[in-house]
Amino acid sequence: MGKTQRGKGSKLMAIADGHGLPVAVCTESASPAEVKLVAQTLEQRFVADVPERLIGDKAYDSDALDGQVLEQFGATMIAPHKKNRRPENKTQDGRELRRFKRRWKVERMFAWLYNFRRLVVRYEYHAENYLGFVQLACVLILLRHL
């Protein structure tokens, strides 16, 4: 847990596959931006293969992040552009962004994770214990959908 402006908090980062099943989870304090946690989340994945494409919301619109994910993991980052992006710097076209409409599967996975009350409230003091319960919840979700 880390200090924020409103007290202490934690952030849960996750990656889901095409069916909405968890592939990777990571917990961190609430202060760092989500863009900085993408590589750490990809390193803590459950499966050996890295997904071909990563789909994120507007917070993941960054040329530096696109290059880092492509260089380190060989995956392409798909995210809609922010409003303040200049027209000459646009990198996403409509064909790639059509995949963004399936982002509801990731939101459904978070809903499945937060059905476990212990993850919502976070009774654990130590981050390792909380990560263990998050991974246990992922295992239960995967076993239910076999």
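In this text, all values refer to a predicted model and were calculated from it rather than measured experimentally. Sequential numbering from 1 along the given sequence is applied to the chain's residues. Any value given below was found using the heavy atoms of this structure, including those in side chains, with hydrogens, waters and symmetry copies removed.
Using a 4.5 Å heavy-atom cutoff, the side chains of Val120 and Phe116 are not in contact. The shortest distance between side-chain heavy atoms of Arg45 and Ile15 does not fall below 4.5 Å. For the pair Glu34 and Lys11, the minimum side-chain heavy-atom distance is below 4.5 Å. Side chains of Glu28 and Ser10 form no contact here, defined as non-hydrogen atoms less than 4.5 Å apart. Side-chain contact between Leu54 and Tyr60 is absent, with no heavy-atom pair separated by less than 4.5 Å.
Separation of atoms OG1 (Thr27) and CG (Leu12) is listed at 7.5 Å; rounding is to 0.5 Å. Separation of atoms SG (Cys26) and CG (Leu131) is listed at 7.5 Å; rounding is to 0.5 Å. Distance check: Asp66 CG to Glu71 CD gives 12.5 Å after rounding to the nearest 0.5 Å. One finds the CD1 atom of Ile55 at 5.0 Å from the CD1 atom of Ile78 (value rounded to the nearest 0.5 Å). The CE atom of Met13 sits 5.0 Å away from atom CG of Leu37, with the distance rounded to the nearest 0.5 Å.
Partners of Arg118 by salt bridge (charged side-chain N to carboxylate O under 4.0 Å, His left out), not counting sequence neighbours, listed by chain and number: Glu124. For the side chain to side chain contact (heavy atoms under 4.5 Å, CB included) test, no residue two or more places apart in sequence or in another chain qualifies with Ala33. Scanning for salt bridge (charged side-chain N to carboxylate O under 4.0 Å, His left out) contacts around Glu52 gives an empty result, with sequence neighbours left out. Listed by chain and residue number, Arg117, Tyr123 satisfy the side chain to side chain contact (heavy atoms under 4.5 Å, CB included) test with Val121 (two or more places apart in sequence, or in another chain). Asp17 meets the side chain to side chain contact (heavy atoms under 4.5 Å, CB included) test with His19, Leu21, Val23; sequence neighbours excluded.
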Using atom types as modelled, flag every donor-acceptor pair under 3.5 Å from a side chain in residues 134-146 to any protein atom, sequence neighbours excluded.
residue : atom : partner : partner atom : Å
His145  : ND1  : Ile141  : O            : 2.9

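For NZ of Lys105, the number of neighbouring non-hydrogen atoms (other residues, nucleotides, ligands) closer than 6.0 Å is greater than 12.
The two residues Glu107 and Arg103 come nearest to each other via the heavy atoms OE2-NH1, 2.5 Å.
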